[in-house]
2 protein chains.
Amino acid sequence: MKIGAAAAASGVNAKMIRHYEAIGLLGPAARRENAYRDYGERDIHELRFIRRARRLGFSIAEIEALLALWRDRARPSREVKRIAEAHIGDLEARVADMQAMAKTLGNLVAACHGDDRPDCPILDDLALGEAWV
Amino acid sequence: MKIGAAAAASGVNAKMIRHYEAIGLLGPAARRENAYRDYGERDIHELRFIRRARRLGFSIAEIEALLALWRDRARPSREVKRIAEAHIGDLEARVADMQAMAKTLGNLVAACHGDDRPDCPILDDLALGEAWV
DNA sequence: GCTTGACCTTCCCATGATGGGAAGGTTTAG
DNA sequence: CTAAACCTTCCCATCATGGGAAGGTCAAGC
């Protein structure tokens, strides 16, 4: 399977497949005589794994660890669980951050007329330069 | 006020102050005879504005728009409100995304023993390569 | 057989926000 | 007078993604 077909089959585009190989996330692809990359079912499987993990917000570094565990049939599930839990913690922290931002902005927006008048608590607050709301 | 003092006074570090000037977010700084940048109260005010807006998650492009409105004493608050509301929508969408990820991962983590055994629904799911949970 | 278009290759560059660090000039405190 | 602390510009790196150039290869249709 050439790279275009592998991209279609895995959902990871060709550019990214090459990139993942370049950064060592994937091993060097098999090559045909004409130097075209050649992929098999196993490769497609790994690519789908990567795609799914990216969609769940795992970083490339985390995926590298997960892939290593996945390739190791004897891995302890403890390690996988640890990585996943750490990632959940990370996601939750970011969610809390963004919710705090949205809430603060929500307060400001509610206090802003939103008409032709120039008075605007949003700008006033930003100009204060402090985060106390 | 030299750039170091401006950084301390505004909370934006010197490197970023130069960067904001380079990308046109701030006008060219006044210069002393020795070519050192020189800042006044107004500049500090703008820098704090930027810092606060960044903290609320506004992109540089959004801040550029907000700064323009802030500098325009006759701006209609409507426009400011619109930008803030769009940003809130953006934040909420990202929060929803991340919560969905965290939930999916939470399900998988709950089903994973997390011990010495290799069986792991987390990896199994990733390997499926489809997002159906 | 030849052309055309769809592939493939590598290489360089860009994004956005931030920062590290080099090489060189200036100021300030001891 | 010297050393440290500043300042300047310039280049490079990050992370994940992608655009695009220049050139090679292949398959289908005429």
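Since this is a predicted model, take the numbers as computed values, not measurements.
Look at CD1 on Ile60(B): it is 7 Å from C1' on dA17(C), rounded to the nearest Å. When the C1' atom of dT8(D) is taken as reference, atom CD of Glu33(B) falls 16 Å away, rounded to whole Å. Rounded to whole Å, the distance from CD on Glu64(A) to C1' on dC15(D) is 13 Å. The CG atom of Asp38(A) sits 10 Å away from the P atom of dT9(C) (whole-angstrom rounding). Spacing between atom CD1 of Ile17(B) and atom P of dA17(C) amounts to 17 Å, rounded to whole angstrom units. Atom pair Lys15(A):NZ and dC15(D):P shows a separation of 20 Å (rounding to whole Å applied). Computed from coordinates, the Arg55(B) CZ to dA17(C) P distance equals 17 Å when rounded to whole Å. Asn13(B) places its CG atom 12 Å from the P atom of dC7(D), with the value rounded to the nearest Å.
Within the structure, every side-chain polar atom (N or O) of Tyr36(A) is placed at least 4.0 Å from both OP1 and OP2 of dG24(D). Between dG19(C) and Arg18(B), no contact under 4.0 Å exists linking OP1 or OP2 to a side-chain N or O. Contact check, Asn34(A) against dC26(D): a side-chain N or O comes under 4.0 Å of OP1 or OP2.
Considering every non-hydrogen atom in both Leu56(A) and Leu91(A), the closest pair reads O-CD1, 4.3 Å. In plain terms, the two heavy atoms of Asp72(A) and Arg75(A) that are nearest each other are O-CD, 2.9 Å.
Ion pairing between a basic and an acidic side chain is recognised when a charged N comes within 4.0 Å of a carboxylate O; Glu79(B) and Arg82(B) show such pairing. Look at Asp125(B) and Arg52(A) and you find a salt bridge, because one of the NZ, NE, NH1 or NH2 atoms lies within 4.0 Å of a carboxylate O, short of that distance.
In this structure, of dC7(D), dT9(D), dT9(C), it is dT9(C) that holds the atom nearest to the side chain of Arg37(A). If you check dT8(D), dT10(C), dG19(C) against the side chain of Arg31(A), the one that comes closest is dT10(C). When each of dT17(D), dC8(C), dT9(D) is scored by its nearest atom to the side-chain atoms of Met16(A), the top-ranked nucleotide is dT17(D). Among the nucleotides dC7(D), dT9(C), dG19(C), the one closest to the side chain of Ile3(B) is dC7(D).
Annotation: the span from Lys2(A) atom NZ to Tyr39(A) atom OH amounts to 13.0 Å, rounded to 0.5 Å.
Mapping Tyr20(A) and Tyr39(B) onto DNA chain D by nearest heavy atom places Tyr39(B) at the nucleotide closer to the 5' end.
At the heavy-atom level, Ile23(B) lies nowhere under 4.0 Å from the strands shown.
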